[in-house]
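In what follows, a structure is listed as C-alpha cells, so that the remarks can point back to it.
The sequence lines fix the lettering, A, B, ..., with proteins before strands; numbering per chain opens at 1. No experiment lies behind these values; they were computed from the predicted model shown.
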Amino acid sequence: MYMLAVQGQKRVGGVRGHAYVARHPTFADMLSARDLATLRNTLKRDLTDVEIACFENLWSEHCSYRSTRSLLKTLPTEGPNVLLGPGDDAAIVRFSDTCAIAIGMESHNHPSYVDPYDGAATGVGGIVRDILSMGARPIALMDPLYFGTLDQEKNRYLFEHVVSGIADYGNCIGVPVVRGELVFDRSFAGNPLVNVICIGVVRPDRYITARVKRPGSRLVLVGSSTGRDGLGGASFASRDLAEDAEAADRPSVQIGDPYTEKLLIEAVLAMVETGKVLSCRDLGAAGLAGASSEMASTFGAVIRADRVHLRETGMTPREIMLAESQERMLLEVAPEDVPLMGAIAERYDLRWSEIGEVIAEPRYIVTFHGETVADLPIDLLVGGAPLCTWEERPYAAETPFVRPAPPLRDLALRVLAHPDVARKDWVVEQYDKDVQLRTVSHVHDAAVLRLEGAALVLSCGCNPRHIYLKPYEGTANAVIENASNLACMGAEPLCIVDCLNFASPVHPEVAWQLERSVMGLGDTARRMGIPIVGGNVSLYNESDEFETQIKPTPSLGMAGRSDEVRRWTPPGDGEVLALIGTTRPDFGGSVLDAVTGCGGPAPEIADIGVVSAVRDLVRAGAVTAATDLSRGGLLAALAKLAPRSTVELAGDPLEELFSETYGRFLVAGRDASALAGIEHRVIGRVGGTDLLIRWDGGSLTLTPEELESALSTMTRLMRY
Amino acid sequence: MRFAVIQFGGSNCDRDTVYVLRDVCGVDTDLVWYKEGLKRPYDAVILPGGFSYGDYLRAGAIAARTPIMADVVRHDREGGLVLGICNGAQIGSESGLVPGTFTLNAYPKFVSRPVYLRVENTASPFTSLYRQGEVVRMPIAHKEGRYVAPPDVIERLFRENRVAFRFCDEHGRVTPESNPNGSMEGITGVLNSAGNVLLMMPHPERASEKVLGSESGRQIFNSMIAHIECRGSGNKISNGAES
C-alpha cells in the first residue's frame, strides 16, 4: 500500500486576501475525525451525508494548498494589462483596446495515467470550459506533456493514448492545439504529467466571473445530463492504491463528449451575447456541489437537487451533487431571463434545468423533493479548513562532470535522436493547428496567432532535469526561456500561467524543491515585469509501480504580443550565423547528460537583458531567423535552423555543441553589423549540402540523411 | 449572388468558411443552422468541415440524415453548386452526392499538415481559375479522409473527368509518399456527373490568405463566384443524370 495522490488544484483566490480555494479535491481522503468533531461543534449537530460529502470534497485538498498558500502569495500577479488576476476560473489580460485574452492552465495527471485517452481528453474539456465560463471564445490550446522514457512499452502506450485523447477532443471542438512541450525522463514513468493551457478571447468590458451577483437570481444548469460519472473521483486521486488500482479505478475516470462540449461553447457564447448572464461557472471535480457552493460564496444559495436533469434513475441527492459528469455549466440569470436561456440551450440541442437561486443569507442549502439535505454556513464550507506545513530539507544532486568517452559524432547523433530533441511531427500532425484561421506559425520556438491585426505569441514548458538540480535557478530559467521563445518572434510577454507539478511534499526534499522553485518563478517574473495571472498545483506525483518521484515540473505557459505578425521562415543561403550570449560548461541536466550520464553543473540564471535585445533585433528586421538555445544546445539549434551550413567552433567542441546555458540565441542575418553592442560571435554561414562543424583540430560532417535519420526517431518509434 | 454555409451540430469550420466568403471573397453569405432548413434559393451551398454529431456512428452519417440535407439535394438537382469540405465531403458522400466514400486513414490517426494537390480538371465551376496540372498547397485535417470506391467507379471518374484534385509531391508527381491518407489513386476531390457538386478533403478556406501561408484555396471560391456571375445569379444550370 502506498499513497498515490495526484491531482490538479486550481489556485483560486489571490493575494488580496481571498481564500485560496482549490477546485480539484485532492489530498487527504476522508474527513478526519478531528475535522468532523470540529464541524459538529461548530454546527452543534450531526452532519447529513450530503454535508459530509461536501466537506470531504471542499476541504480535502486544502491541506496541500495551505502548505503552498504562503508561497503562492509571493508571486507577482498584477500588471497594467491584468484585468482579472488569480481568483476565478481563468485570468483576463488586456490584449488591445477591443480585445482581452482569457487564459488558464490545468493538470490532469492521475486520470491520464489510469485512462490516458479519456483522462487527457477530459483535461482539455475542463480547461476549455474554464475559459468559456469567462464568456470568452476558446481560440488556442497548448499541451506540455511529460512521460517516462520510450524504451518502456507502458510509457509508449501512455504517450500514444494521451496524444490521441488531446487530439480527438481538441480537434472535435475546433480549438487548435498550437504549441506543446514533450519531455521524456525516467522520473515520469508511472506518473506522466498532462498539462493543458487554454486561451480565449473576449471583449475587455464583457467578460463575466464565477461569483454570483444578485440575490433572487436563478441558477441554470446547461449541458450533459448528470449520471453517476466519476463518483468517488474526489477521493480517488488520493486513495491508497493497491497494485491493481489502475483497473479498479477506471470507472472513476470520466468520459469526455467533445460533441456536447462544442454545442456548449456555442450555446454559452450565445447566452453571454444576450448580456443577461450575471455569472457562470463550469462543473469540474466535486460536481455541482463544488461549483455551486464556490459560485455562491459571495451570497448564498438554495440548490434543488431534484430539478437536475439526470440520465440515470434512482440517484440520491449525494450522488447528484457530487457526480462529475462532464460538459456541464452553471449560469446565474435574472428570473425573467430563464426562458431565454432555455430557448438558447434547446436551439443547440442541449438539455437544461433551473436548479436553484441565489439568496442573501450566507448559507448553502440543498433540498431534495422539499426536504433539506444540507444547510451550511457558506463561509465554513469554502473557507477555513485546517492548516498544515511541511518540513523542508535542502539537497545537492549535481555530480562532477565526467567527459563522455564516445566520439563526438556518436554523441551528436544520440543527442539529436533523443525524443526531447527529435522532431515531434508524429504528435503535432495529430492536432488540428489551423482551425479558426488564426495560426500563422507554430514551428520552433513559439506559436504566432493573428489577433486583431497584431500577433498573439504563445510558448510553454520548463526543463525538469535542470530544475531538479537547481530548483531556484532552473525555474528562473524557465521564465527566461519562455520569454526567449517569444522574443524569437518579436513578442513581449503579457502574462504567465503555471502548473506546479511536484512529488509529495511529505518528503522534506520535495517541500524544499517546491519552495525554491516558486521563489525562482516569482523573483524572475517580477524582475522581467511579467504578471503570473493563474495557476494550478499538482502534488503527490509519484509511482509505486515504477518506484519514481517526478522531477520538479513547474510548467509554464506564456502569452505575449507583437504588433507585427511574423511567420517563422528558415534563413537563406549565404546568410551569416551568429551565436548570441555566453556559453559555459553547463552539462548537468542537459540532453548530453541524459544520454551519457556525464553530470556536471546545471545552468545559472541567464542574463535577462539578452532577451529584450534579441526581441529588438527581430522587431527591427536585423535578423532573418532566430532560435533560442535550449535542450540539445547549439547542435539542436543548428539542426533545426540551419541544417545545411558551415560552422566554426571557438573552444571545446563538447561544450560549444552540447552545453545548455540559457540566455543564448542562434540567429541568422545578411550581415552581423546589426549585432553590434550585443555579446555575440559569428560562427558560420548558411549553405552547402551538409552540416559541417569545424573546430581547432577536428571537424564533424552530418549529412542530410544522417540528420533526418536522427531527427525522425520518434516518428519511426511510434509509427509502427 | 448569395452563398449558404450549413452549420450542423459539431461543425467547426463554419465560421471560418463564412469569414473567407464574406471578408476575403466579398460574397454575401448566410450561416444557416441545420434546423432552419434552406428557406430561400442560394447560388451555392457549402457543407463545412468539423465533426458533425461528433463523428459518432460514422463521419458524416448523422448529418446526412438531417432534414436540411433534403434541401441540399434539391438544390443540387436544380443545378445549384454544392461544395463539401472535409466533414462536409463526408456528409456529401453519405448523402450520395458523389460515388465512393471517405473512410479511416491508412495510418489510422488524425493528420493535420499542408499537402500538395494537382489540379486534374479545370472545366468545373470550382476549378476554372486553375491551370491544368497546376500544383497547389492546402492543409488537410482529418482522420477519415481516405477516398475509396470500386475499381469501375474509379475508372469512370477518370474517364468522365470527374477527379478534381489528387495528392501529389511539390513537383506534381502522384506518388505513394505524397499520399497522406491512402486514398485510391491519390484522389481527394471528386465531382458529380453534372459537375455542380465537388467534395474534397483539403481545406481551401485555410489557404485563402497570404498571412496564413497559401492563397491557392481561394481560387475554388473565386471560380464558383465567376461561374455564377457568368451564368447569372439564380439561373440554375440544368444538369444530367445524377452521379
Side-chain angles (χ1 to χ4, degrees), chain A residues 137 160 163-164 166-178 256-267 269-270 346-350 425-443 448-450 453 455 564-569 715 718-720, chain B residues 7-20 23-24 31 33-36 48-57 59 62-63 66 86-87 105-115 138-144 180-181 202-203 205-214 217:
Chain A
R137 177 175 284 279
E160 172 164 11
V163 168
S164 286
I166 292 169
D168 283 357
Y169 205 98
N171 295 345
C172 186
I173 61 175
V175 182
V177 179
V178 296
D257 174 8
Y259 167 61
T260 298
E261 180 102 341
K262 172 64 174 154
L263 294 174
L264 203 53
I265 291 172
E266 300 305 329
L269 291 175
E346 285 166 18
R347 172 181 162 88
Y348 288 99
D349 299 320
L350 291 171
D425 302 9
W426 180 81
V427 176
V428 172
E429 288 200 343
Q430 294 186 48
Y431 301 145
D432 185 345
K433 300 163 290 290
D434 302 316
V435 65
Q436 299 198 28
L437 302 184
R438 289 190 190 87
T439 312
V440 172
S441 191
H442 62 83
V443 294
V448 178
L449 276 66
R450 62 171 173 169
E564 197 177 326
V565 181
R566 292 180 182 80
R567 168 187 289 271
W568 197 93
T569 49
T715 308
M718 297 307 297
R719 194 168 168 152
Y720 42 80
Chain B
Q7 182 186 31
F8 297 97
S11 295
N12 66 25
C13 302
D14 45 326
R15 291 158 45 88
D16 295 352
T17 308
V18 168
Y19 158 77
V20 168
D23 293 17
V24 180
L31 180 62
W33 180 236
Y34 80 101
K35 289 180 182 173
E36 293 167 2
F51 286 75
S52 57
Y53 309 98
D55 274 2
Y56 299 144
L57 187 58
I62 297 174
T66 55
C86 199
N87 187 233
N105 295 347
Y107 180 62
K109 301 265 186 201
F110 194 90
V111 58
S112 158
R113 69 162 91 129
V115 295
M138 286 180 217
I140 54 166
H142 60 249
K143 192 169 178 173
E144 298 178 45
N181 60 20
H203 283 271
E205 83 281 10
R206 298 182 182 186
S208 291
E209 291 174 280
K210 191 155 179 281
V211 67
L212 298 181
S214 171

Exercise for review: Look only at the side chain of A:R567 and the backbone of B:L212, and say whether a donor-acceptor pair between them is shorter than 3.5 Å.
Suggested key: yes
Exercise for review: Give, as side chain, backbone, both or neither, the part of A:L437 having an atom under 4.5 angstrom from any heavy atom of chain B.
Suggested key: both
**Study point:** Beyond-backbone contact of B:K35 with A:D349, side-chain heavy atoms, under 4.5 angstrom
**Key:** yes
Practice item. Using non-hydrogen atoms and a 4.5 Å limit, figure out which bit of B:S208 sits close to chain A: side chain, backbone, both or neither. Key: neither
Practice item. Under 4.5 Å heavy-atom distance to chain A, tell me which part of B:R15 shows up: side chain, backbone, both or neither. Key: side chain
Check your understanding: For B:Y53, is it the side chain, the backbone, both or neither that has a heavy atom under 4.5 Å from a heavy atom of chain A?
Key -> both
Check your understanding: Would A:R347 and B:E36 pass as an ion pair if we require N to O under 4.0 Å?
Key -> yes
Review point. Can any side-chain N or O of B:S112 pair as donor or acceptor with the backbone N or O of A:Y431 at less than 3.5 Å?
Key: yes
Point to revise | Beyond-backbone contact of B:R206 with A:D432, side-chain heavy atoms, under 4.5 angstrom | key: yes
Review point. Would B:K143 and A:D168 satisfy salt bridge (charged side-chain N to carboxylate O under 4.0 Å, His left out), going step by step from the backbone distance to the final call?
Key: CA-CA 9 Å; B:K143 192 169 178 173; A:D168 283 357; 3.1 Å; yes
Review point. Do B:D16 and A:R438 sit within salt-bridge range, that is, some charged N less than 4.0 Å from a carboxylate O?
Key: no
Review point. Who wins among A:V163, A:D257, A:I173 for the most heavy-atom pairs under 4.5 Å with chain B?
Key: A:D257
Study note, to complete from the structure: Smallest heavy-atom separation, B:Y107 atom then A:M718 atom, equals OH-O, 3.8 Å
Point to revise | Exam field: side chain A:K262 to backbone B:N12, donor-acceptor pair closer than 3.5 Å | key: no
